[in-house]
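Written out below as C-alpha cells is the structure these notes cover.
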Amino acid sequence: MITAKARAVDGPHKPFRAAEIKRRDLDSHDVLIEIKYAGICHSDIHTAHGEWGPVHYPLVPGHEIAGIVTDVGPHVSKYKIGDRVGVGCMVDSCGECENCRKGEEQYCLKGNIQTYAGVDKYGEPTQGGYSTHIVVQEDFVLRIPDGIELDAAAPLLCAGITTYSPLNHWEAGPGKKVAIVGMGGLGHMAVQIAHAMGAEVTVLSQTLNKKEDGLKLGADHYYATKNPETFETLAGSFDLIINTVSAKIKLDEYLGLLNLDGTMVNVGAPAEPLSLNVFNLIGHRRSFAGSMIGGIRETQEMLDFCAEYKIVPMIEVISADQIDEAYDRVLASDVKYRFVIDISTM
C-alpha cells in the first residue's frame with residue numbers, strides 16, 4: 001500500500017483537516033501519479049456538504065487532477081514514468097456495456113466508478129485529488145499536452161470536458177448562435193470553447209460585472225438576466241443554450257430564448273429539482289437535455305483541442321490550508337474563475 005497525504009472532511013459543513021490515506025499497490029495496468037495540482041469544482045462542494053445524497057466520510061474530494069507518472073504496473077503500455085497526465089471525474093467502468101464500447105464510459109450502464117465518493121472494483125471507497133498520490137487504471141488516465149501548464153490543465157479535466165462535450169455533441173460551430181448561462185468556472189470555459197469552434201457566442205449572466213472578461217474570452221454579446229428586457233430582446237434567438245449554473249433558475253424564461261428546433265442543455269447540477277412548462281417545448285419543437293462530462297476518448301480530444309487553440313481556464317492557485325476559504329468564496333461567486341490547489345503545500 002502507498003501512503004498519501006491528503007485533505008479530508010468528516011461530515012457535511014465540517015472543516016478540512018490534514019489526513020493520510022492508503023492507495024492500493026499497483027495492479028498490472030495501474031499507473032501511480034504524483035499529483036501536482038487539483039482543481040476545486042462546485043461538485044466537490046455539493047458532495048462534501050452531502051447535498052447529493054449519502055456520503056461515506058471521511059471524504060477526500062477532487063476530480064480535476066494533474067500530475068506526473070511516478071510508477072507503472074508491469075503491463076502498462078500507454079504511459080511511462082515522467083509523463084504529464086491528468087485524471088477526471090471517473091477512474092473505471094465496466095468496459096463491456098454498449099455505452100462503454102462506444103467510448104461513452106461516463107454513461108456506463110452499470111455505473112462508472114467516480115474518482116471520489118464511489119466504490120472501486122476492489123470494494124474500497126474512492127478518494128480524490130486533494131492528495132499527493134493516486135493510483136488509476138491506465139485506460140482512465142489522460143495525456144496532458146506539452147502546451148498546457150499543469151496548474152491550468154487541472155480544471156480542464158472537469159470544467160473543460162463538461163462544456164466541450166455538449167458543444168461538440170450539439171455541433172456548435174459556424175452559423176450557430178450559442179448562449180452560455182453563467183460566467184463562472186464552467187461558463188468561462190464554455191465561452192472559450194464555443195468561440196474556438198466558430199459559433200456566435202452570447203453570455204447570459206445575472207449582471208454585467210464580468211462583461212469585460214466575457215468579451216475578452218470570446219463572447220460576441222453579453223446580457224444581464226436581472227434585466228427583464230433581456231428575455232424580450234433575445235426571444236427565439238438561439239440554436240443552443242448551455243446552462244452552467246448549479247442553482248435553480250426559471251427554465252421557462254430561458255427556453256423562450258430558443259429558436260425552432262433549439263436545444264437547452266443543462267450541465268450545472270443544482271441540489272433542488274427544476275420544473276418547466278412543457279408547452280415551452282412543444283410549441284416550437286424545442287428540446288431540454290442534459291450532459292455529463294465526456295468519455296475518455298472525447299476528454300483527450302478536448303485536451304488536444306484546448307492545446308491547439310490555446311484555451312486555458314483563468315485560475316487562482318491556493319494552498320491546501322485555504323480549501324475551506326475557497327469553498328466559501330465559490331459559494332459567494334468570489335472567484336475568477338477556478339481555484340486550483342497546489343498539492344506541494346499538502
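What you see is a predicted model, and the numbers here were worked out from it, not measured in a lab.
Of all heavy-atom pairs spanning Pro313 and His188, the tightest one is CA-NE2, 3.3 Å. Across Ile148 and Ile144, no two heavy atoms sit closer than the pair O-CG2, 3.9 Å. Between Asp239 and Lys177 the shortest heavy-atom distance is OD2-N, 2.8 Å. Closest of all the heavy-atom pairs between Arg84 and Leu150 is NH2-N, 3.7 Å. Residues Gly50 and Tyr57 approach most closely at N-OH, 3.6 Å, considering heavy atoms. Here the closest heavy-atom approach between residue Gly39 and residue Tyr130 is recorded as O-CE1, 3.9 Å.
Aromatic ring pairs are classed by plane angle as parallel below 30°, tilted from 30° to 60° and perpendicular above 60°; the pair His49 and Tyr327 is perpendicular. Classification of the His221-Tyr223 ring pair by plane angle, with boundaries at 30° and 60°, yields tilted.
For Asp324 (side chain) and Phe16 (main-chain N/O), a donor-acceptor pair under 3.5 Å exists by modelled atom type. Here the side chain of Asp83 pairs a donor or acceptor atom with the backbone of Lys80 at under 3.5 angstrom. With hydrogens and angles ignored, the 3.5 Å screen pairs no side-chain donor or acceptor of Thr126 with any backbone N or O of Asp120. Remark: the backbone N or O of Met1 is paired with a side-chain donor or acceptor of Asp25 at under 3.5 angstrom. Using modelled atom types, one side-chain atom of Gln192 and one backbone atom of Val312 make a donor-acceptor pair closer than 3.5 Å. Without hydrogens or angle criteria, Thr244 side chain to Val181 main chain gives a donor-acceptor distance under 3.5 Å. In this structure, Thr345 contributes its side chain and Asp342 its backbone to a donor-acceptor pair below 3.5 Å. Looking only at distances, a side-chain donor or acceptor of Thr47 sits under 3.5 Å from a matching main-chain atom of Ser43. Side-chain N or O atoms of Lys78 include none that pairs as donor or acceptor with a backbone N or O of Asp139 at under 3.5 Å. Formation of a donor-acceptor pair under 3.5 Å by the Glu104 side chain with backbone atoms of Glu98 is not found in this model.
Heavy atoms from other residues, nucleotides or ligands lying under 6.0 Å from NE2 of His13 number more than 12. Counted within 6.0 Å of NZ on Lys14, heavy atoms from surrounding residues, nucleotides or ligands total 12 or fewer; the atom is thus considered open. At most 12 heavy atoms of other shown residues, nucleotides or ligands fall within 6.0 angstrom of atom NE2 in His195. Atom CD of Glu149 sits in a sparse spot, with 12 or fewer heavy atoms from other residues, nucleotides or ligands closer than 6.0 Å. Heavy atoms from other residues, nucleotides or ligands lying under 6.0 Å from NZ of Lys210 number more than 12. Atom CD of Gln206 is surrounded by 12 or fewer heavy atoms from other residues, nucleotides or ligands within 6.0 Å. Within 6.0 Å of the OH atom in Tyr122, the count of heavy atoms belonging to other residues, nucleotides or ligands exceeds 12.
Ser131 and Arg23 are linked by a side-chain donor-acceptor pair at a separation below 3.5 angstrom, with hydrogens and angles left out of the test. Between the side chains of His29 and Gln137, no donor-acceptor pair of N or O atoms lies under 3.5 Å. No side-chain donor-acceptor contact under 3.5 Å links Glu138 and His75. Asn112 and Gln114 share a donor-acceptor pair across their side chains, judged by distance under 3.5 Å alone. Side chains of Asn99 and Glu105: a donor-acceptor N/O pair is absent below 3.5 angstrom, by distance only. Under the 3.5 Å distance criterion, with hydrogens and angles disregarded, no donor-acceptor pair is assigned to the side chains of Ser93 and Lys110. Side-chain N/O atoms of Asp252 and Asn277 include no donor and acceptor closer than 3.5 Å. Side chains of Tyr164 and Glu301: a donor-acceptor N/O pair is present below 3.5 angstrom, by distance only.
Listed by first and then second residue, the salt bridge (charged side-chain N to carboxylate O under 4.0 Å, His left out) pairs that reach into residues 283-296 are Asp261-Arg285, sequence neighbours excluded.
Residue Thr299 holds its OG1 atom at 4.0 Å from CD1 of Ile161, rounded to the nearest 0.5 Å. Here CD1 of Ile318 is found 4.0 Å from CD1 of Ile40. Values are rounded to the nearest 0.5 Å.
Using a cut-off of 4.0 Å between Lys/Arg side-chain N and Asp/Glu carboxylate O, Asp213 and Lys216 are scored as not salt-bridged. With respect to the salt-bridge test (charged N to carboxylate O, under 4.0 angstrom), the residues Glu34 and Lys36 qualify. The existence of a salt bridge linking Glu64 and Arg338 is confirmed by a sub-4.0 Å separation between a basic side-chain nitrogen and an acidic carboxylate oxygen. In summary, Asp321 and Arg7 engage in a salt bridge, as defined by a charged side-chain N under 4.0 Å from a carboxylate O. Between Glu316 and Arg329 there is a salt bridge, with a side-chain nitrogen of the basic residue lying less than 4.0 Å from a carboxylate oxygen of the acidic one.
Leu274 has its side chain within reach of Asn266: a pair of non-hydrogen atoms, C-beta onward, lies under 4.5 Å apart. By the 4.5 Å heavy-atom criterion applied to side chains, Val31 and Thr70 are not counted as neighbours. Counting only heavy atoms from C-beta outward, the side chains of Leu157 and Val87 never approach each other to under 4.5 Å. Inter-residue side-chain proximity for Ile113 and Val119 is flagged as unmet; no heavy-atom pair is nearer than 4.5 Å. Side-chain contact between Gln300 and Leu303 is present, with heavy atoms from C-beta onward closer than 4.5 Å. In this structure the side chain of Ser165 never reaches within 4.5 angstrom of the side chain of Asn168, judged on heavy atoms.
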Residues Gln106, Met90; criterion side-chain contact (heavy atoms from CB on, under 4.5 Å); working and verdict:
CA-CA 7 Å; Gln106 73 276 34; Met90 55 184 173; 4.0 Å; yes
Determine, step by step, whether Leu142 and Val85 satisfy the side-chain contact (heavy atoms from CB on, under 4.5 Å) criterion, reporting the C-alpha distance in whole Å, the side-chain angles of both residues, the deciding distance to 0.1 Å, and the verdict.
CA-CA 5 Å; Leu142 288 305; Val85 295; over 6 Å; no
I would like to know whether Arg24 and Asp30 meet salt bridge (charged side-chain N to carboxylate O under 4.0 Å, His left out); could you show each step before the answer?
CA-CA 10 Å; Arg24 66 175 183 264; Asp30 281 344; 2.9 Å; yes
Assess the residue pair Met264 and Leu251 against the criterion (side-chain contact (heavy atoms from CB on, under 4.5 Å)); give the C-alpha distance rounded to whole Å, side-chain angles, the decisive distance to 0.1 Å, and a yes or no.
CA-CA 9 Å; Met264 180 171 176; Leu251 282 180; 3.7 Å; yes
Could you go step by step and tell me if Asn259 and Phe238 meet the side-chain contact (heavy atoms from CB on, under 4.5 Å) rule?
CA-CA 5 Å; Asn259 59 21; Phe238 301 109; 5.8 Å; no
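Checking Asn243, Leu240, Ile241 one by one against Val265, the side chain to side chain contact (heavy atoms under 4.5 Å, CB included) holds for a single residue, Leu240. No option in Leu208, Val191, Val201 other than Leu208 meets the side chain to side chain contact (heavy atoms under 4.5 Å, CB included) test with Tyr222. For the side chain to side chain contact (heavy atoms under 4.5 Å, CB included) with Ile242, the qualifying choice from Thr263, Leu167, Leu204, Ile193 is Leu167, the only one to do so.
Phe339 and Leu331 fall within a single hydrophobic cluster, where Ile, Leu, Val, Met, Phe, Trp and Tyr are joined by side-chain heavy atoms under 4.5 Å apart, directly or via other members.
Through direct or indirect side-chain contacts shorter than 4.5 Å among Ile, Leu, Val, Met, Phe, Trp and Tyr, Val135 is connected to Ile2, Leu26, Leu32.
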